Amino acid sequence: MTPEIDEAREAALSAIGHADTVADLERVVAEHLGKRGALAGLKKGLGAIDDADARRAAGAAMHASRTALEEAIEARRGELGGVETELRIAEEQLDLTEFRSDGSRGHLHIVTQAWQRLEDVFLGLGFSVAEGPEVETDWHNFEALNMGEGHPARGEFDTLFVDHVPPGGRLGTTLLRTHTSPVQIRTMLTQEPPIYVVAPGRVFRRDTPDATHMPVFHQIEGLVVDRGISMTDLAGTIEAFTKAFFGAGFTSRLRPSYFPFTEPSAEFDIQRPDGSWLELGGCGMVHPAVIRAGGLDPDEWSGFAFGFGIDRMAVMRHGVADIRDMYVNDIRFIEQF
Ligand code: PHE
């Protein structure tokens with residue numbers, strides 16, 4: 001039987017050599033080495049060989065053929081795979097020096113667009129823009145916001161710590177801000193009230209990226225501190241923002257909630273023209289302890305604060321199905337907007 005085995009092996013080797021795509025190769029493998037292939041047929045016949053020596057010889061030839069074919073397949077798969085990868089790279093290559101004569105231009109990232117529109121709307125409502133650092137102290141990010149050491153709410157912010165020991169301080173007290181709320185503290189400490197600011201910026205949480213979460217995202221914080229500010233001012237501001245940003249057909253509501261740094265606290269939702277509700281962010285009256293941490297007297301000053309995500313605004317506006325797509329800078333994604 002050895003000559004038939006040799007013949008089947010040579011036929012298979014030749015087909016492997018002629019396969020010119022990975023897919024083609026897989027077809028060859030199925031055809032020649034699969035259950036209905038010539039070798040499989042011959043293998044079934046091995047048991048019927050009467051002569052023990054001849055049977056052993058045929059078995060050995062069968063084994064040697066299989067081994068040789070498997071090696072040839074692996075080698076060919078490597079070659080073809082490499083070629084296909086190179087082809088794909090060549091096809092997807094972008095000429096970044098290319099001059100676009102069709103008059104088309106690039107555009108701002110859709111999160112930047114949302115960020116700027118939000119700023120515009122709040123500027124129109126009389127707010128100015130405040131900033132704070134992305135690397136924060138745990139005092140600004142937690143302590144001053146009424147979340148002392150061991151406060152359970154700290155656990156809800158999956159905090160990323162920075163490997164830095166501040167002068168006279170200790171390890172584990174420098175972090176990537178988990179929200180934009182520390183800008184409330186920095187603003188109160190550096191600006192005289194009345195304060196009417198929004199603070200858009202990047203925030204960080206220890207999170208595995210998925211379709212709706214990124215460990216780096218963006219929030220916009222609002223802070224008002226003035227004399228005689230009440231919950232009505234908060235509700236009115238949220239409503240004015242909702243109409244200005246989303247359109248006249250939209251409205252808003254506050255729902256009781258809890259944040260350590262506001263009292264009372266609420267979540268705010270917006271209602272779309274079709275009647276459906278969408279949860280947007282958190283807000284509330286600035287807690288007296290927070291006003292005090294900001295260096296102000298809570299008997300004289302009161303205020304409200306709010307915060308919500310910016311990335312979601314871009315996702316909603318453009319119908320992005322997977323938030324991760326916004327951060328891989330794939331031109332095929334970017335060019336859609
Ligand atoms: N900082 C809160 C968060 O990240 C949102 C918030 C801001 C709530 C201001 C109340 C007031 O969830």
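Note that ligands are numbered from 1 as they come in the structure, with each ligand's atoms numbered from 1 the same way. All residue numbers refer to positions in the sequence shown, counting from 1. Everything numeric here is computed off the predicted structure, so don't read it as measured data.
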Trainee: With a 6.0 Å cut-off on ring centres, are F306 and F122 close enough?
Mentor: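 Close enough - the centres of the two rings lie under 6.0 Å apart.
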
Trainee: Compute the shortest N/O to N/O distance between S181 and ligand 1 and return yes if it is under 3.5 Å, no if not.
Mentor: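 N/O-N/O distance below 3.5 Å exists for this pair.
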
Trainee: Quick one: nearest non-hydrogen protein atom to atom 12 (O) of ligand 1, plus distance?
Mentor: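 Going by distance alone, atom 12 (O) of ligand 1 is nearest to F259 CE2, 4.0 Å.
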
Trainee: May I ask whether V224 and L254 are part of the same hydrophobic cluster, defined by side-chain heavy atoms of I, L, V, M, F, W, Y residues being less than 4.5 angstrom apart, directly or through others?
Mentor: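 Yes, same cluster.
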
Trainee: Does any N or O of ligand 1 fall below 3.5 Å from an N or O anywhere on H179, backbone included?
Mentor: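 N/O-N/O distance under 3.5 Å: yes.
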
Trainee: Quick one: nearest non-hydrogen protein atom to atom 2 (C) of ligand 1, plus distance?
Mentor: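 I find the closest protein heavy atom is F261 CZ, 3.8 Å.
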
Trainee: Can you sort out which atoms of ligand 1 are near R205, meaning under 4.0 Å from one of its heavy atoms?
Mentor: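 Close to R205: 4 (O).
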
Trainee: Please check if the number of heavy atoms outside E192 that lie under 6.0 Å from its CD is greater than 12.
Mentor: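 12 or below, so no.
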
Trainee: Are F308 and L118 side-chain neighbours, meaning at least one heavy-atom pair lies under 4.5 Å?
Mentor: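 They are in contact (side-chain heavy atoms under 4.5 Å apart), so the answer is yes.
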
Trainee: Name all residues meeting the ring-ring contact (aromatic ring centres under 6.0 Å, His included) criterion together with H213; count only those two or more places apart in sequence or in a different chain, and write none if there are none.
Mentor: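 Listed in chain order: nothing, the list is empty.
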
Trainee: Quick one: look at E267 and ligand 1, take heavy-atom pairs under 4.0 Å, and tell me if it's side chain, backbone, both or neither.
Mentor: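 No part of E267 comes within reach of ligand 1.
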
Trainee: Should you measure from each heavy atom of C283, which atoms of ligand 1 turn up under 4.0 Å away?
Mentor: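 This gives 8 (C), 10 (C), 11 (C) as the contact atoms.
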
Trainee: Hey, is F308 touching ligand 1 through its side chain, its backbone, both or neither, going by heavy atoms under 4.0 Å?
Mentor: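 Contact part for F308 vs ligand 1: neither.
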
Trainee: Under the rule for ring-ring contact (aromatic ring centres under 6.0 Å, His included), what residues qualify as partners of H109, not counting sequence neighbours?
Mentor: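 For H109, the residues satisfying ring-ring contact (aromatic ring centres under 6.0 Å, His included) (neighbours in sequence not counted) are Y327.
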
Trainee: If you have a sec, work out which protein heavy atom is nearest atom 4 (O) of ligand 1 and how many Å separate them, to one decimal?
Mentor: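 Answer for atom 4 (O) of ligand 1: Q219 NE2, 3.0 Å.
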
Trainee: Quick test of your reading of the model: are E91 and R88 salt-bridged, counting only N-O distances below 4.0 Å?
Mentor: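 Result for this pair is no, no salt bridge flagged.
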
